[in-house]
Protein chains: 2
Amino acid sequence: MDTIGFEHHDHDACIDDGTAAVAAYCARNGLQFTRQRRRVLEILLEEHRALGAYEILDRLREEGLGSQPPVAYRALDFLTRHGFAHKIERLNAFIACTHMGENHAPAFLICRACSAVAETYADPSEGVLGRAAREAGFRIERAVIEAEGLCPNCRKERAG
Amino acid sequence: MDTIGFEHHDHDACIDDGTAAVAAYCARNGLQFTRQRRRVLEILLEEHRALGAYEILDRLREEGLGSQPPVAYRALDFLTRHGFAHKIERLNAFIACTHMGENHAPAFLICRACSAVAETYADPSEGVLGRAAREAGFRIERAVIEAEGLCPNCRKERAG
DNA sequence: CTTGATATGTTATAGTATTACATTTATCAA
DNA sequence: TTGATAAATGTAATACTATAACATATCAAG
C-alpha cells in the first residue's frame, strides 16, 4: 500500500476515480449515493488536506445545497461510516479516503507547515502498541494514528 | 515501561507521587506550580479516565477557584505543554500523565465500555508507520496514537 | 400504491476552545 | 527595597465544533 498525498499525481483522475469507486460500491451494496453525499465527497477529494465541517458547509451553501450544519455532518457521517472519508481527530476535520476499497486500518501523516495530509497504513495490533495492548489484556478494535511533522516538500523548502 | 491504568494499584500513592514529581520538576526548572495548576493536576490524577475541560472547570468552580473556561484551559495548557498531562484527541478530554519524567512518546488504550484510559508507549518512528513515513520522506515530530477497544476488566465481564 | 425505512429541511441548542484586555502576582536586577 | 519586566489570573465576549429534535419528502419493496 502506498502513502498517497504528498507526491505529484494525476489529481483529476484522483477525484474521478474516487467518486466512481464510491458510486460503484454504493450501487453494489444498496447505499444511496445522493447529491449531497456525492458533492461532499467531491469537495473532500479536491484537496489533500483536511476540511472542517463548516468549510464544507460554506461550499454547499454557495452551491445552493443546504446551509445548516446537519447537512454537512450527515453527509460526513455517511462517508466516514462507510470508509469513504476519515475524520482527522487532531484537526477536527475530514479528508477523503485515498485507499478506497482496501480494508484498511488508516494512519495519517499531517504536515504542520502546509497542512497536507497523506493517508497510509498502520495495523495497530502490530509493533510496540500491539504488544503493549496484548500484555495489558486490552483488545484493540480501532485506533487513531496521526503523525505530525514535515512533509517532504516542506522539508526541502527549509533546506532540511 | 508499563501500561498503567487498568490493573489494581495504590491509587493514593498514584496521586501523591504524581503531584510530588511535578512539584519537584517545577522547582528544578523554575516553573510556577500554582494553586490552580496543582489542583487541576490532582483532579486529573484522581481518575484513570479522561476529563473534559468543562468537567474540570465545574470542580474548580465548586471549590471557589475560577469559573471561566480560560481558567481550566490555561492550567491544562501548562500541564500538557510540560508533559504532566495529555490530551486525548478522540475524546476532547485530558488525562494526567502516568509516566512522569520519562521522556515519552505516549500512546493510549481507551476502553469503550468503562472509559478507562491507560497510557503506554509507542515510538511512532518504529514499525509500519515509521517505515511508511521514511519512504514518503515525511519527518515525524509527534504522533497521536489512541487505540479504542475493551480493557481486560470489561472483556471478562462480557465473558470474552 | 402504500407502507416502512431512509434522507432532507430547519430550528434550536449543546459542547469545546480561544481572543482580548484589565488586574494581580512573581521574579530579578539595580 | 524598589522599580521594571514577565508571568499568571479574572472576566466578558465570542468563535468553532457537533448534535437533538421534529416536520417533510423521497426511496425501495411488497
Side-chain angles (χ1 to χ4, degrees), chain A residues 22-23 25-41 43-44 49-82 84-95 115 144 146, chain B residues 22-23 25-41 43-44 49-82 84-95 115 144 146:
Chain A
V22 170
Y25 181 95
C26 288
R28 274 200 309 282
N29 294 89
L31 302 174
Q32 300 184 46
F33 194 38
T34 63
R35 208 157 61 116
Q36 289 175 340
R37 290 170 177 178
R38 170 185 290 270
R39 191 62 196 116
V40 170
L41 178 65
I43 290 168
L44 290 176
R49 69 180 183 92
L51 295 177
Y54 282 75
E55 262 181 289
I56 293 166
L57 183 57
D58 287 343
R59 306 269 230 108
L60 293 177
R61 187 179 293 120
E62 286 167 15
E63 299 172 15
L65 308 161
S67 64
Q68 299 305 318
V71 173
Y73 281 103
R74 282 170 184 156
L76 289 168
D77 179 63
F78 172 84
L79 295 173
T80 53
R81 202 147 28 82
H82 296 288
F84 306 143
H86 302 292
K87 180 172 187 183
I88 307 295
E89 298 291 345
R90 186 69 219 296
L91 305 176
N92 293 320
F94 301 84
I95 191 160
S115 297
V144 173
E146 298 170 354
Chain B
V22 170
Y25 181 95
C26 288
R28 275 200 308 281
N29 294 88
L31 301 174
Q32 298 184 48
F33 194 39
T34 63
R35 209 157 58 116
Q36 288 175 340
R37 291 169 177 178
R38 171 185 290 269
R39 192 61 196 116
V40 169
L41 178 65
I43 290 168
L44 291 176
R49 70 179 182 93
L51 295 177
Y54 282 74
E55 262 182 290
I56 292 166
L57 183 56
D58 287 344
R59 306 268 231 109
L60 293 177
R61 186 180 292 119
E62 286 168 13
E63 300 172 14
L65 308 161
S67 65
Q68 300 302 321
V71 173
Y73 281 103
R74 282 169 184 156
L76 289 167
D77 179 63
F78 172 84
L79 295 173
T80 52
R81 201 148 28 83
H82 296 288
F84 307 143
H86 304 292
K87 180 172 187 183
I88 307 295
E89 299 291 344
R90 185 69 219 296
L91 305 175
N92 293 320
F94 302 83
I95 191 161
S115 299
V144 172
E146 298 170 356

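Every chain is numbered from 1 and lettered A, B, ... according to where its sequence line falls, protein lines coming before strand lines. None of these values were measured; they are calculated from a predicted model.
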Trainee: Would you mind reading off the distance between A:L57 atom CG and D:dC16 atom C1', rounded to a whole angstrom?
Mentor: 13 Å

Trainee: Please list each protein N or O that sits under 3.5 Å from an N or O in nucleotides 3-7 of chain C, with the distance.
Mentor:
residue : atom : partner : partner atom : Å
C:dT6   : O3'  : A:Q32   : NE2          : 3.4
C:dA7   : OP1  : A:R37   : NH1          : 2.9
C:dA7   : OP1  : A:R37   : NH2          : 3.4
C:dA7   : O5'  : A:R37   : NH2          : 3.4

Trainee: Does any donor-acceptor pair link the side chain of B:R74 with the base of D:dT11 at a separation under 3.5 Å?
Mentor: yes

Trainee: Using whole Å, report how far CD of A:E89 lies from C1' of C:dG15.
Mentor: 15 Å

Trainee: Mind checking what makes ring pair (Phe, Tyr, Trp, His ring centres under 6.0 Å) contact with B:Y25, not counting sequence neighbours?
Mentor: B:F84

Trainee: Rounding to an integer number of Å, can you tell me how far B:R61 CZ sits from D:dT11 C1'?
Mentor: 13 Å

Trainee: Would you check if A:L65 and A:V40 make a side-chain contact, meaning some heavy-atom pair closer than 4.5 Å?
Mentor: no

Trainee: Looking only at N and O atoms, is any donor in the side chain of A:Y54 or the base of D:dA15 less than 3.5 Å from an acceptor on the other one?
Mentor: no

Trainee: Could you check how far CZ of A:R38 sits from C1' of C:dT8, rounded to whole Å?
Mentor: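 A:R38 atom CZ is separated from C:dT8 atom C1' by 18 Å.
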
Trainee: Could you give the CG-to-C1' distance, from B:N29 to C:dT27, as a whole number of Å?
Mentor: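 Whole-Å distance recorded here is 16 Å.
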
Trainee: Considering non-hydrogen atoms only, spot the tightest contact between B:A50 and B:I88 and give its length.
Mentor: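 Closest pair (atom of B:A50, atom of B:I88, distance): CB-CG1, 4.0 Å.
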
Trainee: Let me know the distance between CZ of B:R35 and C1' of D:dG10, rounded to the nearest Å.
Mentor: 13 Å

Trainee: Locate the shortest heavy-atom distance separating B:R90 from B:E146; write the atom from each residue and the value.
Mentor: N-OE1, 2.8 Å

Trainee: Compare every heavy atom of B:A75 with every heavy atom of B:Q36, then report the nearest pair and how far apart it is.
Mentor: O-CB, 4.4 Å

Trainee: Taking all atoms of both residues into account, what is the closest heavy-atom pair of A:Q32 and A:F78, and its distance?
Mentor: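 Scanning both residues, the minimum pair turns out to be O-CZ, 3.9 Å.
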
Trainee: If we only count heavy atoms from C-beta on, is the B:N92 to B:K87 side-chain gap below 4.5 Å?
Mentor: yes

Trainee: Using the 3.5 Å cut-off, write out each protein N or O paired with an N or O of nucleotides 3-5 of chain D and the distance between them.
Mentor:
none

Trainee: Would B:L31 and B:V22 count as a side-chain contact (heavy atoms from CB on, under 4.5 Å) here? Give the steps.
Mentor: CA-CA 10 Å; B:L31 301 174; B:V22 170; over 6 Å; no

Trainee: Roughly how many Å is it from CD in B:E55 to P in C:dG15, rounded to a whole number?
Mentor: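 Taking CD of B:E55 and P of C:dG15, I get 11 Å after rounding.
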
Trainee: Closer than 4.0 Å, any side-chain N/O of B:K87 to the OP1 or OP2 of C:dT16?
Mentor: no

Trainee: In residues 66-73 of chain A, which ones come under 4.0 Å of DNA chain D, going by heavy atoms?
Mentor: A:P69, A:P70, A:Y73

Trainee: Is any side-chain heavy atom of B:L44 closer than 4.5 Å to a side-chain heavy atom of B:L76?
Mentor: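 A side-chain contact exists here, since the closest heavy-atom pair is under 4.5 Å.
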
Trainee: Taking only N and O in the side chain of B:N92, is any of them less than 4.0 Å away from OP1 or OP2 of C:dG15?
Mentor: no

Trainee: Just so I know, are the side chains of A:L79 and A:F94 near enough to count as touching, which here means a heavy-atom distance under 4.5 Å?
Mentor: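 SC-SC contact between A:L79 and A:F94 ruled out.
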
Trainee: Could you list all the side-chain hydrogen bond (donor to acceptor under 3.5 Å, both in side chains) pairs where at least one residue sits in residues 57-66 of chain B, not counting sequence neighbours?
Mentor: B:R39-B:E63, B:E46-B:R59, B:D58-B:R61

Trainee: Quick one: side-chain hydrogen bond (donor to acceptor under 3.5 Å, both in side chains) pairs with a partner in residues 68-82 of chain A, sequence neighbours left out?
Mentor: A:D77-A:R81

Trainee: Without decimals, in angstroms, what is the distance between A:F33 CZ and D:dC27 P?
Mentor: 16 Å

